[in-house]
Amino acid sequence: MVTKRTRGRASLWGVAMALFGLIAACGTSAPEPERVDDGQPPPTVGDARCGDHPWCDSGLPAAERAAMVVAEMTQVEKVLFLAGDDLIGIAGLEGTHTGTSDGIPRLGIPTVYYSDGPMGVRSGPATAFPAPIALAATWDPDSARRYGAAIATEAKYRGNDIVFAPTVNIMRVPHHGRTFEGYGEDPWLSGRIGVGWIEGAQDTGLIASVKHYVANNQEGIGVNPAIGPQLPLGVSVIGSRLFVDAVIDERTLREIYLPAFEVAVTEAGVGVVMCGYNRINGDWACESDALLNGVLREDWGFDGFVVADYLAAHNPLGNFYGGLDFEPWPGLSYGPAQMLPLVASGVLDAETLDQRVVNILRTYFEFGLLDRPAYPVDDAQVDRDAHAALAGEIERSAITLLQNNGILPLDAATLGSVAIIGAPADEFQSRGGSAGITPFFFNTPREVITARLEPTVTVTYDDGSNASNAAAVAAAADVALVFVADRSIEGADRLCIALNCIDEPGDQDALIAAVASANPNTVVVLETGGPVLTPWKGEIAALLEAWIPGVDAGNAIDAVLFGDADPGGRLPVTFPESEADLPTAGDLTRYPGVLEQAQYSEGLLVGYRWFDEQGIEPAFPFGHGLSYTQFDFADLAVAALDDGGVAVTFDVINTGTREGIAVPQIYLALPDVSAAVQQPPQALKGFTRLGLAAGARRRVTIEVPPRAFQYWDVEADDWARVPGCAQLRVGRSSRDIVLTGAAACGA
């Protein structure tokens with residue numbers, strides 16, 4: 001059972017936090033990128049790592065090898081092994097790494113390097129992939145594998161061993177400044193995408209670090225460093241991630257916020273878990289004995305090591321006994337000045353110290369980190385063109401067609417004039433923080449669309465800074481393409497999710513309304529990191545969500561607009577009609593919290609579960625996304641499996657006139673256990689993605705595992721089968737259910 005224990009804060013923590021802010025503000029935001037390749041450093045290849053020590057025998061078990069090393073280490077070496085990095089590493093000023101763990105040369109233990117990587121390698125030029133929220137919109141674990149492998153490959157050829165990614169925190173509030181870094185509001189979808197990412201990354205030889213464990217779901221309300229006067233990065237006035245205590249009941253933790261981390265451990269075999277800044281039920285995430293030693297290691301069998309987010313370690317005693325293995329920076333908790341006296345005096349016991357070191361070394365040995373040469377710092381080994389093409393492929397698969405009156409796809413042969421409106425049409429989209437990427441190269445929608453159209457087609461561009469001017473430009477065109485983007489960043493939540501909010505670049509809602517009034521053939525392209533309000537949706541001809549599209553934005557968006565590709569995305573988040581419809585609306589105790597406590601009193605009713613329970617009609621529901629063709633589902637059959645799950649089989653039929661992408665989704669409606677133990681109306685428990693030619697019919701089978709029919713029984717402190725029979729639903733989205741049937745029944 002996850003229980004509550006409250007810790008104190010280290011006295012120097014505030015000083016280090018300010019230093020972190022100053023360094024990060026200087027170094028984490030991506031500068032305005034050049035559109036040409038930069039010169040790359042010459043390759044440097046390290047020697048083989050381990051040498052001829054007894055523990056260098058790769059045939060021995062990893063745990064045995066780790067224990068042999070620890071037996072030869074001094075107490076000082078053990079203490080120094082728990083903290084790392086130099087002060088400029090956090091800012092990326094090392095050029096190739098964003099974290100460093102010094103080795104022990106006499107024992108053949110090498111220095112180990114870390115890189116940020118949620119949507120690309122942050123230190124130096126790299127491929128900027130579509131945001132992780134876009135990856136989630138593909139509903140495609142295979143794309144996630146290739147995405148993770150490509151980022152890990154680029155991190156590898158900057159000499160890194162471990163990549164800080166993926167982020168699998170659930171989007172609880174769409175205001176969250178890092179919504180774009182995660183996989184949306186649903187634990188099942190987040191888990192499937194996260195597993196794919198980790199498997200792809202770790203297949204390259206790198207070690208993934210899933211983050212931020214756990215319930216790291218808000219940055220805080222303050223001054224957004226994206227738009228002007230800055231507080232230090234990570235510092236907000238109200239509900240800051242650095243202080244907030246997420247008060248969550250046991251069942252909600254187990255069913256909503258922990259599952260994506262659980263499968264990262266139990267299915268993907270992730271090597272590293274990064275604990276977050278926040279507290280959970282009173283304990284700091286990086287010193288929660290219940291969550292680190294209990295849930296993570298005892299319940300799930302995690303045998304890797306736990307690393308703190310930068311400045312997330314506060315208290316040497318709490319971290320040491322709570323389950324933290326390594327503090328990357330700045331050594332405020334695990335630095336030698338704090339730790340050596342505690343070890344020497346016996347306050348920190350030798351057995352636990354050995355275990356902390358063993359956890360790290362065992363992971364190194366298990367992943368072969370010491371059994372190979374150091375990875376070279378050699379970007380020439382990165383196939384930049386292939387990675388850019390992959391980024392474009394994923395973006396095409398992620399672009400989500402929210403509405404269409406038939407204007408899309410555009411027919412270039414019939415166009416005489418096109419208005420391209422909005423600065424995002426001609427910009428590279430970045431969000432800074434640990435996801436701030438400087439791309440090798442990139443293209444923009446304005447460039448590619450202009451190049452596609454014949455010289456006889458008049459293309460007019462307006463940056464959208466003046467709505468009246470933009471409307472005049474739109475009025476003279478056959479079609480108006482309006483590009484708008486939100487602003488979000490690590491360290492600060494959005495003040496609201498409207499495109500006319502004070503932390504947005506001008507009143508983009510007014511821009512869209514003005515253009516739509518001037519031209520009925522207005523197509524809006526959103527380049528956002530999460531849900532936004534769409535009050536003008538009834539006035540426009542079509543709406544595309546392109547997310548934060550990455551380096552091949554122009555080619556991908558152009559391909560979908562003109563029909564070279566079917567819009568393959570489906571929403572991993574709910575778009576509300578109004579902020580008043582959100583489960584946290586009007587309740588400061590829920591968000592951003594009161595007196596540093598955020599009450600997760602909505603329980604399981606996160607995202608679409610809330611909208612379903614309350615009977616609220618969203619602007620666009622979870623799972624929604626249109627195709628340029630039409631799909632139907634038929635002939636449902638449900639068969640029980642020996643493990644307690646079910647196999648769901650049905651036909652997918654393309655009833656339209658062109659090839660397209662279908663994403664059938666399976667939802668379970670479970671009966672309430674009792675008046676006190678109720679279920680959400682439905683929950684996603686399976687999906688697949690497939691392409692079908694016009695008129696094609698394919699029979700598909702999706703297995704729903706036994707866990708889908710279980711709930712967390714708080715009294716038993718374990719999973720239990722829900723009694724009664726579940727209804728199984730197959731649909732195009734959470735609100736577009738096509739087939740229903742009875743699933744397996746519990747005792």
Side-chain angles (χ1 to χ4, degrees), residues 96-99 101 112-124 126-136 138 140-169 181-183 189-213 260-274 302-307 309 328 360 363-369 371-372 374-376 379 381-384 386-388 390-391 393-394 434-435 437 550:
T96 53
H97 321 295
T98 49
S101 176
V112 171
Y113 297 105
Y114 297 76
S115 172
D116 281 324
M119 54 193 289
V121 178
R122 185 168 66 88
S123 48
T127 303
F129 283 83
I133 192 73
L135 179 63
T138 69
D140 185 8
D142 182 63
S143 289
R145 289 184 186 90
R146 292 184 292 153
Y147 186 114
I151 289 176
T153 297
E154 294 198 13
K156 175 194 296 189
Y157 291 126
R158 285 195 170 272
N160 295 292
D161 305 286
I162 298 170
V163 59
F164 289 141
T167 301
V168 298
N169 295 110
E181 268 193 61
Y183 300 137
L189 178 60
S190 296
R192 296 299 92 208
I193 300 299
V195 165
W197 201 105
I198 292 163
E199 289 176 343
Q202 294 190 160
D203 282 349
T204 71
L206 249 67
I207 305 172
S209 174
V210 69
K211 60 180 187 175
H212 308 85
Y213 186 77
F261 289 97
E262 181 177 1
V263 293
V265 171
T266 60
E267 292 188 35
V270 72
V272 178
V273 171
M274 175 183 277
F302 178 64
D303 65 356
F305 69 95
V306 176
V307 59
D309 204 345
I360 300 170
T363 307
Y364 288 0
F365 285 121
E366 186 173 329
F367 282 85
L369 192 148
D371 302 325
R372 58 165 172 80
Y375 290 132
D379 273 351
Q381 297 195 44
V382 173
D383 190 336
R384 302 181 187 185
H387 284 189
L390 175 61
E393 178 188 342
I394 290 171
S434 58
I437 313 300

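These numbers come from a predicted model, not from an experiment.
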Item to complete: Measure the CD1-CZ distance between Ile394 and Arg146 for me, rounded to the nearest 0.5 Å.
Response: 6.0 Å
Response to the item:
Closest non-hydrogen contact found for Ile193 with Ala144 is O-CB, 3.4 Å
Item to complete: Report yes or no: does Thr127 contribute a side-chain atom to a donor-acceptor pair with the main-chain N or O of Phe129 at less than 3.5 Å?
Response: no
Fill in: Asn160 (side chain) donor-acceptor with Ile162 (main chain) under 3.5 angstrom
no
Worksheet item: To the nearest 0.5 Å, what is the distance between OH (Tyr213) and CG (Asn169)?
Response: 11.5 Å
Worksheet item: Is any side-chain heavy atom of Ile437 closer than 4.5 Å to a side-chain heavy atom of Val121?
Response: no
Worksheet, complete the sentence: Separation between OH (Tyr114) and CE (Met274), nearest 0.5 Å, reads 9.0 Å
Discussion item. I'd like to check Val210 versus Val168 (side-chain heavy atoms, cut-off strictly below 4.5 Å). Are they in contact?
Written reply: yes
Worksheet item: What are the two closest heavy atoms between Pro376 and Gln381, and how far apart are they?
Response: CG-NE2, 3.6 Å
Fill in: Derivation and outcome, side chain to side chain contact (heavy atoms under 4.5 Å, CB included), residues Thr98 and Tyr113
CA-CA 8 Å; Thr98 49; Tyr113 297 105; over 6 Å; no
Worksheet, complete the sentence: Which of His97, Lys156, Arg372 passes side chain to side chain donor-acceptor pair (under 3.5 Å) with Asp161? Answer is Arg372
Worksheet item: Counting N and O atoms only, with roles assigned by atom type, does the side chain of Gln202 sit under 3.5 Å from a partner on the main chain of Gly271, one being a donor and the other an acceptor?
Response: yes
Practice prompt. Would you check, one step at a time, whether the test side chain to side chain contact (heavy atoms under 4.5 Å, CB included) holds for Met119 with Leu135?
Written response: CA-CA 10 Å; Met119 54 193 289; Leu135 179 63; over 6 Å; no
Worksheet item: Between Val307 and Ser209, is any pair of side-chain heavy atoms under 4.5 Å apart?
Response: yes
Worksheet item: Taking atom CZ of Arg145 and atom CD1 of Ile198, what is their separation to the nearest 0.5 Å?
Response: 11.0 Å
Fill in: N-O pairing of Lys211 and Asp309 below 4.0 Å
no
Item to complete: Flag the pair Phe302 / Phe261 as yes when at least one side-chain heavy-atom distance between them is below 4.5 Å, and no otherwise.
Response: no
Discussion item. Does this structure show an ion pair linking Arg192 with Glu267, if we count only N-O contacts that are shorter than 4.0 Å?
Written reply: yes
Response to the item:
Closest heavy-atom pair, Pro132 versus Pro118, reported as atoms and distance to 0.1 Å, is CG-O, 3.4 Å
Discussion item. Within the structure provided, determine whether Tyr147 and Leu390 are in side-chain contact (heavy-atom separation under 4.5 Å).
Written reply: no
Worksheet item: To the nearest 0.5 Å, what is the distance between NE2 (His212) and OG1 (Thr167)?
Response: 5.0 Å
Practice prompt. Search all heavy atoms of Trp197 against all heavy atoms of Pro166 and return the closest pair with its distance.
Written response: CE3-CD, 3.7 Å
Fill in: Atom pair OH (Tyr183) and OG1 (Thr138), whose distance is rounded to the nearest 0.5 Å
9.5 Å
Discussion item. Less than 4.5 Å apart, side chain to side chain, heavy atoms only: is that true for Glu154 and His387?
Written reply: yes
Worksheet item: Is there a donor-acceptor pair closer than 3.5 Å between any side-chain N or O of Asp116 and the backbone N or O of Phe164?
Response: no
